[in-house]
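All remarks here apply to the structure that follows.
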There are 2 protein chains.
Amino acid sequence: MTDPDAQFAETGGLVKLLIEIAAQAKADFAATVAVLGLPVHLARAIVMLSTPAPMRDLAERLSCDRSYITALADQLDERGLVRRIPGEDRRVKLLALTEAGVAMRDRISRAVAEENMITRRLDADERRALAPLLEKLHDPDAVGAHERETC
Amino acid sequence: MTDPDAQFAETGGLVKLLIEIAAQAKADFAATVAVLGLPVHLARAIVMLSTPAPMRDLAERLSCDRSYITALADQLDERGLVRRIPGEDRRVKLLALTEAGVAMRDRISRAVAEENMITRRLDADERRALAPLLEKLHDPDAVGAHERETC
DNA sequence: TATTGTTATACTCTATAACTATA
DNA sequence: TATAGTTATAGAGTATAACAATA
């Protein structure tokens, strides 16, 4: 354990695992929301909009360009899930879930809670052990060591 | 804990956490390999090619179309990291790392081992606790509950 | 002058379909 | 006839740059 090479291998392996799990988790989420007729990026946005937010904020939280948020908002709007409401600063538009949007968000939550890789593969004790580790792993301010550029 | 709603919330929260961490892990990995001049998908392929494999196999392991593997192989070939070698069945081509490819794979391993979100945020004990959980979480045969369609 | 959102556009990743060579 | 890889092409997702309205 004090052998640097061993720690190398150990950590490298963990990272590799985490990356693979990451890919699986995303595919899993994609499959779940596909049943609801949503691509991943729209589903993520809906989940983030539980409380109305300026488009700018969404761009930051998703770390993608403002122009892309316009596109997202258009798609969500077409589906009747979101509407733009004017901010007090009149340059700003808030994105808010419509009634249908709120219903969709609830369906997403329910679908994910019912069927996901964590409940599928871990029992209650293991989940309790995992929770604090994931919380520590999670950087609330996102953005990695090097800066993140993509969405 | 026996309250279904509570378990709902608990599991839903864990899944959400896992998804966010997944996104971070990917971004983190992307930033790391970007320093080596590689986009994520090429880096993943290189890591998977530690042992030469038929293009078909790679397609399955990455769960993406054969045509895309052709494109991947072309890009890796252009960079001199991989070459196609004929299989015994003459329809088959194996993808094998060149010397430069092996060197690159080692650089990727080293870069990831040196700087990654796991060592950044977890101490040795926590990493030891995390390892078996990740292993259980990881489905070696990939493919979720619903079938995975995308790459 | 700086900032918010929009438009037009282009690029990257990935898939589908049709094709060639081999089995 | 079925399978491995390739080609041509198209679609989705996302970014960049220039722009209008507001601050």
Side-chain angles (χ1 to χ4, degrees), chain A residues 22-23 26-27 29-31 33-34 37-46 48-49 52-79 82-96 147-151, chain B residues 22-23 26-27 29-31 33-34 37-46 48-49 52-79 82-96 142-143 147-151:
Chain A
K26 195 183 164 190
F29 182 70
V33 298
L38 289 175
V40 192
H41 60 287
L42 294 189
R44 281 197 79 198
I46 290 171
M48 285 197 163
L49 284 175
M55 296 175 71
R56 186 67 213 273
D57 289 11
L58 200 60
E60 265 161 31
R61 275 196 282 162
L62 293 168
S63 51
C64 53
D65 193 85
R66 274 165 293 131
S67 68
Y68 180 55
I69 303 302
T70 296
L72 275 189
D74 288 346
Q75 294 173 63
L76 289 168
D77 190 8
E78 272 167 30
R79 294 163 190 248
V82 140
R83 66 174 184 287
R84 293 163 162 92
I85 59 185
E88 46 183 55
D89 176 338
R90 280 160 57 211
R91 287 173 303 183
V92 172
K93 293 175 192 169
L94 288 287
L95 254 32
E147 286 304 305
R148 185 200 293 201
E149 329 78 29
T150 82
C151 187
Chain B
K26 196 182 162 191
F29 181 70
V33 298
L38 289 175
V40 191
H41 60 288
L42 293 189
R44 281 197 79 198
I46 290 171
M48 284 197 164
L49 285 174
M55 296 175 72
R56 186 66 212 275
D57 289 11
L58 200 61
E60 265 161 30
R61 276 196 281 162
L62 292 167
S63 50
C64 53
D65 194 84
R66 275 166 292 132
S67 68
Y68 179 57
I69 303 301
T70 296
L72 276 189
D74 287 346
Q75 295 173 62
L76 289 168
D77 191 7
E78 273 167 29
R79 293 164 190 248
V82 140
R83 66 175 184 286
R84 292 162 161 95
I85 58 185
E88 45 183 54
D89 177 336
R90 280 160 56 211
R91 288 172 302 184
V92 172
K93 294 175 192 169
L94 288 287
L95 254 31
V143 181
E147 286 304 304
R148 185 201 292 199
E149 328 78 29
T150 83
C151 187

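The sequence lines fix the lettering, A, B, ..., with proteins before strands; numbering per chain opens at 1.
Atoms CD (Glu60(B)) and P (dG5(D)) sit 10 Å apart, rounded to a whole Å. Remark: C1' of dA18(C) and CZ of Arg66(B) are 12 Å apart, rounded to the nearest angstrom. Rounded to an integer number of Å, the gap from CZ of Arg44(B) to C1' of dC13(C) is 14 Å. For the pair Ile69(A) CD1 and dT16(D) P, the interatomic distance rounds to 13 Å; values are reported in whole Å. Atom CG of Leu72(A) is separated from atom P of dA12(D) by 14 Å (rounded to the nearest Å). Going from atom CZ of Arg83(A) over to atom P of dG5(C) covers 16 Å, rounded to whole Å. Look at CD on Gln75(A): it is 13 Å from P on dT6(C), rounded to the nearest Å. Rounded to whole Å, atom C1' of dG13(D) lies 14 Å from atom NE2 of His41(B).
Considering all non-hydrogen atoms of both residues, Leu72(A) and Leu42(A) come closest at CD2-CD2, 3.6 Å. Heavy atoms only, all atoms of each residue included: Asp77(A) and Val82(A) are closest at OD1-O, 3.4 Å. Taking both residues in full, the closest heavy atoms of Leu38(A) and Ile46(A) are given as CD1-CD1, 3.8 Å, listed atom of the first, atom of the second, then distance. For the pair Ile85(B) and Ala96(B), the tightest heavy-atom approach, listed with the atom from each and the gap, is CD1-CB, 4.0 Å. Nearest heavy-atom pair across Leu94(B) and Gly87(B) is CD2-CA, 3.4 Å. Minimum heavy-atom separation, Arg84(B) to Thr70(B): NH2-O, 3.5 Å.
Taking only distance into account, the side chain of Thr70(B) never meets the base of dT7(D) through a donor-acceptor pair shorter than 3.5 Å. At a cut-off of 3.5 angstrom, the base of dT16(D) holds at least one donor-acceptor pair with the side chain of Ser67(A).
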Can you give me the N/O atom pairs linking the protein to nucleotides 21-23 of chain D at distances under 3.5 Å, or say none if there are none?
| from | atom 1 | to | atom 2 | distance (Å) |
| --- | --- | --- | --- | --- |
| dA23(D) | OP1 | Arg90(A) | N | 3.0 |

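The side-chain heavy atoms of Met48(A) and Leu58(A), taken from C-beta on, include a pair separated by under 4.5 Å.
Out of dT6(D), dA15(C), dG5(C), the shortest distance to the side chain of Pro54(A) is found at dG5(C).
Among the protein residues, Arg56(A) comes within range of the sugar-phosphate backbone only, with heavy atoms under 4.0 Å from sugar or phosphate atoms but none that close to a base.
For the pair Tyr68(A) and Leu94(B), nearest-nucleotide mapping onto DNA chain D gives the more 5' position to Leu94(B).
OP1 or OP2 of dT6(C) lies within a sub-4.0 Å distance of a side-chain N or O belonging to Arg84(A).
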